[in-house]
Amino acid sequence: MSFTIASWNINSVRLRLPIVLRFLAEYRPDILCLQETKCPDALFPLQPLVAAGYAYAALNGQKGYHGVATISRLPFIHTDKKLFCGRHDCRHIEATIEYQGKKIHIHNVYAPAGGDETDPALNPKFAHKLQFLEEMHSFPADKGDGCASLLVGDLNIAPLENDVWSHKQMLKVVSHTPIETSELLGAQKAGGWVDILRTKVPPQEKLYTWWSYRARDWAASNRGRRLDHIWSSPDLLPFLDKITICREARGWEKPSDHVPVMAHFFPPQSL
DNA sequence: ATGGTGGTCATACCA
């Protein structure tokens with residue numbers, strides 16, 4: 001029995017409940033971290049998820065915007081929320097699980113998109129994004145408590161050249177500007193995190209997790225970006241079996257513009 | 001250079 005975690009920016013969990021249930025039925029992750037749920041906790045559709053076998057949920061939602069939720073087949077031994085930038089935006093929830101004696105902190109993160117203008121002096125949303133990135137620098141993979149960690153979510157940045165369809169054309173586009181990509185890689189390094197999607201797909205290969213709604217034909221033009229990420233503490237790397245980018249979900253009925261990303265781990269006792 | 005498509009909540013605002 002492997003351990004599988006998935007992350008998906010769902011762009012309204014209530015509107016897209018049918019494809020959430022389809023994904024859970026077909027891929028059966030142990031944990032699913034959702035972003036942009038756009039749903040206050042009191043209105044979160046728990047019952048159908050419980051019926052699908054996901055009995056545990058850690059919710060941090062608000063009306064209309066943002067919102068994260070971590071749903072699980074395994075119980076949580078602890079949950080926590082972090083506020084970023086002194087705001088009450090719902091952009092983070094931490095849930096700790098125990099899997100075969102190994103405790104794992106799972107951070108579910110939704111980073112600010114940042115608007116269109118790339119000058120933080122002119123665009124407060126981009127300034128907010130940069131401050132969020134700065135605060136992500138003090139988000140360690142090793143908390144010093146002996147637990148492993150995973151950090152997943154929509155970070156709204158495609159850090160590497162082949163995380164976008166055209167590096168050259170995207171350098172002036174929010175999500176791939178040099179300040180964002182260097183800050184994100186800086187936060188990753190400062191926290192001691194490993195970008196595990198890129199341990200299985202080499203940086204020379206294109207890899208996308210998001211395709212705009214605005215394209216006439218998203219699959220034909222294939223102008224994607226890798227905005228969704230799975231980071232781990234280095235101690236989990238020996239157990240990493242494979243990753244899955246569920247590209248097919250972009251073609252499902254009433255799709256999100258993001259697709260689920262997954263990591264599959266061998267059971268620690270098997271190695 | 002522009003607008004292209006979605007979501008929320010009922011109007012602009014956000015992605």
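To find a chain, count down the sequence lines: A is the first, B the second, and so on, and within it residues start at 1. Just so we're clear, the structure is a prediction, and the values are computed from it rather than from any experiment.
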In whole Å, I'd like the distance from the [atom1] atom of [X] to the [atom2] atom of [N].
{"X": "A:L227", "N": "B:dA15", "atom1": "CG", "atom2": "C1'", "value": "11 Å"}
{"X": "A:W210", "N": "B:dC14", "atom1": "CH2", "atom2": "P", "value": "18 Å"}
{"X": "A:N123", "N": "B:dC14", "atom1": "CG", "atom2": "C1'", "value": "12 Å"}
{"X": "A:H128", "N": "B:dC14", "atom1": "NE2", "atom2": "P", "value": "12 Å"}
{"X": "A:H66", "N": "B:dC13", "atom1": "NE2", "atom2": "P", "value": "15 Å"}
{"X": "A:D257", "N": "B:dG6", "atom1": "CG", "atom2": "C1'", "value": "8 Å"}
{"X": "A:R14", "N": "B:dG6", "atom1": "CZ", "atom2": "C1'", "value": "16 Å"}
{"X": "A:E36", "N": "B:dC13", "atom1": "CD", "atom2": "C1'", "value": "13 Å"}

Distance below 4.0 Å between [X] side-chain N/O and [N] OP1 or OP2:
{"X": "A:K125", "N": "B:dC14", "result": "yes"}
{"X": "A:S212", "N": "B:dG4", "result": "no"}
{"X": "A:K254", "N": "B:dG7", "result": "yes"}

*Mapping A:R16 and A:D154 to their closest nucleotides on DNA chain B, which lands nearer the 5' end?*
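It is A:R16, whose closest nucleotide lies nearer the 5' terminus.
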
_Both A:K63 and A:G114 contact DNA chain B. Which one's nearest nucleotide lies toward the 5' end?_
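So the residue in question is A:K63.
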
_For the OG1 atom of A:T37 and the CG atom of A:L59, what is their distance to the nearest 0.5 Å?_
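A:T37 OG1 to A:L59 CG: 8.0 Å, rounded to 0.5 Å.
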
*Supply the atom-to-atom distance A:H92 NE2 to A:F132 CZ, rounded to the nearest 0.5 angstrom.*
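It is 8.5 Å, given to the nearest 0.5 Å.
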
Between [options], which nucleotide has the shortest distance from any of its atoms to the side chain of [X]?
{"X": "A:A113", "options": "B:dT8, B:dC14, B:dA15", "value": "B:dA15"}
{"X": "A:L15", "options": "B:dT5, B:dT8, B:dA15", "value": "B:dT8"}
{"X": "A:Y65", "options": "B:dT5, B:dC14, B:dA15", "value": "B:dC14"}

*Does DNA chain B take part in any stems of at least 3 consecutive Watson-Crick or G-U pairs (both distances under 3.5 Å), and if so, which ones?*
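In DNA chain B, stems of three or more pairs: B:5-8 with B:12-15.
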
Hey, is the main chain of [Y] close enough, under 3.5 Å, to the side chain of [X] for a donor-acceptor pair?
{"X": "A:K129", "Y": "A:A113", "value": "yes"}
{"X": "A:T209", "Y": "A:L227", "value": "yes"}
{"X": "A:W211", "Y": "A:S221", "value": "no"}

*Hey, are A:R91 and A:D89 close enough for a salt bridge, meaning a charged N less than 4.0 Å from a carboxylate O?*
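Salt bridge: yes.
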
*asked:* Taking A:K82 first and then A:E94, would you say they form a salt bridge - that is, a charged N and a carboxylate O separated by under 4.0 Å?
replied: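 Not counted as a salt bridge, because no side-chain N and carboxylate O are separated by less than 4.0 Å.
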
*Going by the side-chain hydrogen bond (donor to acceptor under 3.5 Å, both in side chains) test, name the single residue among A:K38, A:H258, A:K254 that passes it with A:N11.*
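It is A:K38; the other options fail the test.
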
*Distance, C1' atom - from B:dC14 to B:dA1, rounded to whole angstrom*: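 The answer is 23 Å between these two C1' atoms.
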
*Determine the Euclidean distance between corresponding P atoms of B:dG6 and B:dA10; express it in Å to zero decimal places.*
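Nearest-Å result for B:dA10 against B:dG6 at atom P: 23 Å.
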
